[in-house]
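Notes for the one structure printed next.
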Amino acid sequence: MQIAANNPNNKSWLNVAEDSDFPIQNIPFGVFITKDDIITIGTRIGEYAIDLGAFHQLGYFEGIPLTDDMFMQDSLNDFISDGRKTWRLVRNRIAEIFDSKNEGLKNNLKHQEVIIFDVNEVEMLLPISVGDYTDFYSSKEHATNVGIMFRGPENALMPNWLHMPIGYHGRSSSVVVSGTKIRRPYGQILTAGETKPVFMPTKALDMELETAFITTDTNNLGERISVDDAAEYIFGMVLLNDWSARDIQKWEYVPLGPFLGKSFASTMSPWIITMDALEPFKCSSPKQDVALLPYLQQKNEGNSYDIKLKATVETENGDLNLLTETNFKYLYWTMSQQLAHHTSNGCNVRAGDLLGSGTISGPTKNSYGSMLELTWGGKEPITLKDGTKRTFFEDGDRVIIRGYCKNDKIRIGFGKCTGKIMPPIEYKFPK
């Protein structure tokens with residue numbers, strides 16, 4: 001089916017700034033509460049939020065087989081479960097209705113009043129009900145940097161890392177939408193020179209600059225998805241900050257890996273950018289160093305995406321400080337390889353599952369995706385505009401992740417993924 005919505009020559013009758021993340025070629029999907037306190041599934045064009053529940057009720061999806069309540073829900077899970085044919089039909093129709101040449105809704109002010117909202121007047125919600133959350137460890141640069149810090153350069157990468165996408169099962173209940181405030185977590189920490197841990201707030205609160213992809217229903221329990229078919233089961237992508245408490249993590253992670261040092265919060269951006277919208281930005285993935293087992297073998301041409309990413313920290317005085325600029329295309333393991341590996345043992349993946357990329361680091365220090373790397377384990381503090389220094393984040397800091405793709409014709413962006421760090425809730429210990 002042709003992706004008519006991607007036509008770079010399309011123009012909307014809605015006013016869209018030239019540098020907007022959300023031109024008519026984007027058409028992402030999200031969930032929001034309208035100013036009338038109605039929860040609806042919607043899309044976004046420029047600075048306008050489009051209520052797809054009202055859009056559907058007023059007949060603009062006529063001819064597309066959709067249930068009456070498809071967009072009148074508090075998550076996108078059912079829509080995602082409907083599959084790629086439905087996603088494309090819906091995106092194409094939205095692009096058609098909002099095209100500058102289409103006079104229907106453009107000239108119907110009564111319909112516009114219930115369909116179109118100022119994006120600043122709606123409250124964005126988590127777009128999916130996250131059934132399961134998996135986080136991978138797919139950046140060779142990140143894994144190497146962390147390995148050097150913890151084990152030395154001779155043992156930077158563990159023997160299995162080049163042979164399969166390493167991942168862990170995260171906590172879906174603490175995945176939150178952008179803008180949610182993040183409480184500094186408590187945990188067991190082994191302080192320098194001590195042999196016994198103490199229970200205290202983390203002093204090493206870190207970001208992990210990531211993306212994540214959302215799946216549709218892929219396989220039945222016991223079945224596998226091939227690496228060549230995996231892309232068909234990926235709905236779209238979001239920005240992700242998998243917050244990490246490095247001191248808690250350091251004490252707990254042997255022998256079973258991440259647990260409380262990560263499960264306190266993971267922040268995702270509210271608009272899911274479809275893989276169809278990202279199609280024009282496909283690029284080659286890095287050449288892989290060893291011969292892979294057949295189930296992971298994939299050509300590296302056209303399996304990654306040129307997505308520019310950056311993270312900034314906003315201090316309480318309003319200063320914005322650029323921390324890093326990197327790119328999704330640096331990831332060693334592709335999304336198709338991640339999904340193929342995830343299902344290789346017969347594990348079933350369902351609509352609305354969230355699969356994180358892991359920290360995305362580039363080849364240079366200014367492209368590292370975590371404070372752990374940027375300050376090299378706290379040994380090289382970053383000086384901010386106000387003269388204060390950071391090894392890790394302080395209470396009051398707001399971390400902002402942005403991402404976008406751009407060529408000579410269009411720009412497709414993700415918006416932003418933000419979280420402000422709040423002081424810990426004080427514990428009252430029994431005497």
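What you see is a predicted model, and the numbers here were worked out from it, not measured in a lab. Only heavy atoms go into these numbers, but all of them, side chains included; no hydrogens, no water, no symmetry mates.
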| query | With side chains defined as the heavy atoms from C-beta onward, is the minimum distance between Phe235 and Ile128 less than 4.5 Å? | reply | no
| said: Would Asn327 and Leu309 count as a side chain to side chain contact (heavy atoms under 4.5 Å, CB included) here? Give the steps. | reply: CA-CA 5 Å; Asn327 197 300; Leu309 300 161; 6.0 Å; no
| said: Quick check against the 3.5 Å criterion: does Asp206 have a side-chain atom that pairs as donor or acceptor with the backbone of Met371? | reply: yes
| message | Closer than 4.0 angstrom, basic N to acidic O: yes or no for Arg246 and Glu208? | response | yes
| task | Could you tell me whether Glu426 atom CD has more than 12 heavy atoms of other residues or ligands within 6.0 Å of it? | result | no
| query | Between the main-chain N or O of Ala5 and the side-chain N or O of Asn92, is there a donor-acceptor pair closer than 3.5 Å? | reply | yes
| request: Classify the angle between the aromatic ring planes of Tyr253 and Phe150 as parallel (below 30°), tilted (30 to 60°) or perpendicular (above 60°). | output: tilted
| Any donor-acceptor N/O pair, Ser357 side chain to Thr211 backbone, under 3.5 Å | yes
| For the student: nearest non-hydrogen atoms of Pro280 and Asn407, plus distance | CB-ND2, 4.2 Å
| request: Apply the test side chain to side chain contact (heavy atoms under 4.5 Å, CB included) to residues Val176 and Ile182: give CA-CA distance (whole Å), side-chain angles for both, the deciding distance (0.1 Å), then the verdict. | output: CA-CA 9 Å; Val176 295; Ile182 306 300; 4.3 Å; yes
| task | Show your reasoning for whether salt bridge (charged side-chain N to carboxylate O under 4.0 Å, His left out) applies to Asp276 and Arg84. | result | CA-CA 9 Å; Asp276 277 356; Arg84 185 174 298 276; 3.4 Å; yes
| request: Report yes or no: do Asn366 and Thr364 form a side-chain donor-acceptor pair below 3.5 Å? | output: yes
| task | Examine the side chains of Ser285 and Asn300 and answer whether a donor and an acceptor come within less than 3.5 Å of each other. | result | no
| Should Asp135 and Lys262 count as an ion pair when the cut-off is N to O under 4.0 Å? | no
| query | Would Ser178 and Thr418 satisfy side chain to side chain contact (heavy atoms under 4.5 Å, CB included), going step by step from the backbone distance to the final call? | reply | CA-CA 5 Å; Ser178 174; Thr418 73; 3.4 Å; yes
| Sub-4.5 Å side-chain heavy-atom contact between Met158 and Ile166 | no
| task | Flag the pair Trp243 / Phe264 as yes when their ring centroid distance falls below 6.0 Å, and as no otherwise. | result | no
| query | Do other residues, nucleotides or ligands put more than 12 heavy atoms under 6.0 Å from the NZ atom of Lys250? | reply | no
| Yes or no on side chain to side chain contact (heavy atoms under 4.5 Å, CB included) for Arg402 and Thr312, after CA distance, side-chain angles and deciding distance? | CA-CA 9 Å; Arg402 292 182 179 272; Thr312 58; over 6 Å; no
| request: Scan side-chain atoms only and decide if Arg224 and Ser226 contain a donor-acceptor pair under the 3.5 Å cut-off. | output: no
| At what distance, to the nearest 0.5 angstrom, does CE of Met268 lie from CZ of Phe414? | 11.0 Å
| query | Rounded to the nearest 0.5 Å, what separation is found between the CG atom of Asn303 and the CD atom of Gln337? | reply | 7.5 Å
| field | Residues Glu279 and Asn6: side-chain donor-acceptor under 3.5 angstrom | value | no
| query | Does CE belonging to Met149 count more than 12 external heavy atoms closer than 6.0 Å? | reply | yes
| More than 12 non-hydrogen atoms from neighbouring residues, nucleotides or ligands closer than 6.0 Å to OH on Tyr427, yes or no? | no
| task | Check for a donor-acceptor pair, side chain of Asn348 on one end and backbone N or O of Gly222 on the other, with a separation under 3.5 Å. | result | no
| query | Would a distance-only check, ignoring hydrogens and angles, find a side-chain to backbone donor-acceptor pair under 3.5 Å from Asp36 to Ile38? | reply | no
| query | Looking at Pro201 and Ile189, what are the two nearest heavy atoms and their distance? | reply | O-CD1, 3.8 Å
| request: Ignoring hydrogens and angles, tell me if any N or O in the side chain of Asn241 forms a donor-acceptor pair with the backbone of Met207 under 3.5 Å. | output: no
| request: Check Tyr305 against Cys283 and note the closest heavy-atom contact, atom names and distance. | output: C-SG, 3.6 Å
| said: Would the distance check show the side chain of Asn26 and the main-chain N or O of Ala277 forming a donor-acceptor pair, the cut-off being under 3.5 Å? | reply: no
| said: For the backbone of Asp69 and the side chain of Gln73, can you confirm whether one donor and one acceptor N or O come within less than 3.5 Å of each other? | reply: yes
| Side chain proximity check, Phe136 to His342, heavy atoms < 4.5 angstrom | yes
| query | Taking side chain as C-beta onward, heavy atoms only, is Ile41 less than 4.5 Å from Met70? | reply | no
| Between Thr375 and Pro381, is any pair of side-chain heavy atoms under 4.5 Å apart? | no
| remark: Output for pair (Arg411 CZ, Phe281 CZ), nearest 0.5 Å, gives 10.0 Å
| Can you name the nearest heavy-atom pair linking Ile148 to Pro153, along with the distance? | CG1-CA, 3.9 Å
| request: Could you tell me whether a side-chain N or O of Arg184 sits under 3.5 Å from a main-chain N or O of Pro423, the two making a donor and an acceptor? | output: no
| task | Check the side chains of Thr202 and Asp247 for a donor-acceptor pair under 3.5 angstrom, ignoring hydrogens and angles. | result | yes
| task | State plainly whether the residues Asp289 and Lys287 are in salt-bridge range, i.e. N to O under 4.0 Å. | result | no
| request: Pick out which of Ile116, Thr43, Val16 makes a side chain to side chain contact (heavy atoms under 4.5 Å, CB included) with Phe98. | output: Ile116
| request: Without swapping roles, check the side chain of Asp397 against the backbone of Glu394 for a donor-acceptor pair under 3.5 Å. | output: yes
| message | Checking Asp51 against Thr40: is there a side-chain donor and acceptor pair closer than 3.5 Å? | response | yes
| note | One should read off an interatomic distance between Thr34 OG1 and Glu121 CD, to the nearest 0.5 angstrom, of 10.0 Å
| message | Looking at Tyr186, I want to see if its OH is surrounded by more than 12 non-hydrogen atoms of other residues, nucleotides or ligands under 6.0 Å. | response | yes
| field | Heavy-atom side-chain proximity of Glu141 to Thr144 below 4.5 angstrom | value | no
| Going by the angle between their ring planes, with limits at 30° and 60°, are His142 and Tyr137 parallel, tilted or perpendicular? | perpendicular
| query | Are Phe79 and Phe29 close enough that their ring centres sit under 6.0 Å apart? | reply | yes
| CD1 of Ile412 to CG of Asp21: how many Å apart, nearest 0.5 Å? | 9.0 Å
| message | Taking the side chain as everything from C-beta on, heavy atoms only, tell me whether Cys405 gets closer than 4.5 Å to Asp306. | response | no
| Considering all heavy atoms, the nearest Ser269-Val238 contact | OG-CB, 3.5 Å
| Heavy-atom distance under 4.5 Å between the side chains of Pro286 and Lys140, does that happen here? | no
| query | Does Lys416 NZ have over 12 foreign heavy atoms under 6.0 Å away? | reply | no
| What's the spacing between Ile39 CD1 and Leu125 CG if we round to 0.5 Å? | 5.5 Å
| Closest approach of Leu239 and Gly415, non-hydrogen atoms and distance? | CD1-O, 3.9 Å
